[in-house]
Amino acid sequence: MTTESVVPEMLHPWAIYLQASEEARRRGDRRTGTDHLLLVLLEDPSIEVVLGVSLQQARRALASLDHEALAALGLGSGTDAPPMPMRAVPKKPTIRAVAQKDRPRLTPAAKKVLQEAVKPNRRKTQVTARQVLAPILTLQPPDPAAVLLGALGVNTSEVRRRLDAVTPDN
Amino acid sequence: MDIDKLSVNLSSDDPAVGLRASLALHRLAERVEANHVASAREKGWSWQQIGDALGVTRQSVHTKYSKESS
């Protein structure tokens, strides 16, 4: 079996949102942003390969971006607090879990990413990690995901070219 | 850190850094709060006491944090 014939795992956009909202909560964010969506995609080993970075590297990069920004205010590197523990989210998302009051809502940009990702699909409840990655790669700084990819040294136009070569359709 | 220095640095002219710093401060404050709510619970504080300290109702701290400390 070649790698091309592997069927990509279908994810529910809500499941991606729920996991991303836990990434947001972990850091103390009020909103679930494009950067958090990107972190969730990195849980997929094939996305790690495509981007050439790991989830841990991405989380560390976000922490150091924060340290740099705080240092610009004159707050030293000792100014920090550990991240919050992540809670388990249901694999099969329910409307109740999605509507939970303490969950950080999606930012408008993150919402647009998920909408773009499901657009070509007949079933809007199924999406692949790559389909979500595609609109994220088109974002420009100061969008948080674009800033993160920049900090990680990912060449987004190069990755896009490679992904387009693999999937000639749409 | 002295206040004079902070106010000088706040006028740093790169909005990308400044806006990020503002969010980073918020994230930091949230994590400080969460960690200290957890430690207050361990020390036997009631949700009412924690709510009083934070200036919010007992219910709102409970809704926000009960799932972590259980």
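Heavy-atom basis, side chains included; hydrogens, waters and symmetry copies ignored.
Met84(A) is listed as a side-chain neighbour of Glu30(B), based on a closest heavy-atom distance under 4.5 Å. Inter-residue side-chain proximity for Pro142(A) and Leu19(B) is flagged as unmet; no heavy-atom pair is nearer than 4.5 Å.
Counting non-hydrogen atoms of neighbouring residues, nucleotides and ligands closer than 6.0 angstrom, the NZ atom of Lys124(A) exceeds 12 such neighbours. Within 6.0 Å of atom CZ in Arg105(A), more than 12 heavy atoms from other residues, nucleotides or ligands are found, so the atom counts as buried in its surroundings. The local environment of CD in Glu9(A) is sparse, with at most 12 non-hydrogen atoms from other residues, nucleotides or ligands closer than 6.0 Å.
Looking at Pro141(A), neither its backbone nor its side chain comes within 4.5 Å of chain B, counting heavy atoms on both sides.
Linking ILVMFWY side-chain heavy atoms closer than 4.5 Å, directly or via other members, places Met10(A) and Tyr17(A) in two distinct hydrophobic clusters. Under the 4.5 Å side-chain heavy-atom criterion for grouping Ile, Leu, Val, Met, Phe, Trp and Tyr, Ile136(A) is not connected to Val49(A) through any hydrophobic cluster. In the hydrophobic clustering of this structure, Leu11(A) does not group with Met86(A); members are Ile, Leu, Val, Met, Phe, Trp, Tyr whose side-chain heavy atoms approach within less than 4.5 Å, directly or through other members. Cluster annotation: Val37(B) and Val56(B) are assigned to the same hydrophobic cluster (Ile/Leu/Val/Met/Phe/Trp/Tyr, side-chain heavy-atom contacts under 4.5 Å, transitive).
Listed here is the closest heavy atom pair of Ala72(A) and Val17(B): CB-CG1, 3.5 Å.
Partners of Ser46(A) by side-chain hydrogen bond (donor to acceptor under 3.5 Å, both in side chains), not counting sequence neighbours, listed by chain and number: Asp44(A).
Below 4.5 Å, heavy atoms of chain A meet heavy atoms from Arg20(B), Ala21(B), Ala24(B), Leu25(B), His26(B), Arg27(B), Leu28(B), all part of residues 20-28 of chain B.
Ranked by non-hydrogen atom pairs under 4.5 Å with chain B, the options Ala81(A), Ala24(A), Pro83(A) are led by Ala81(A).
At distances below 3.5 Å, not a single donor-acceptor pair connects side-chain atoms of Arg31(B) with backbone N or O atoms of Gly28(A).
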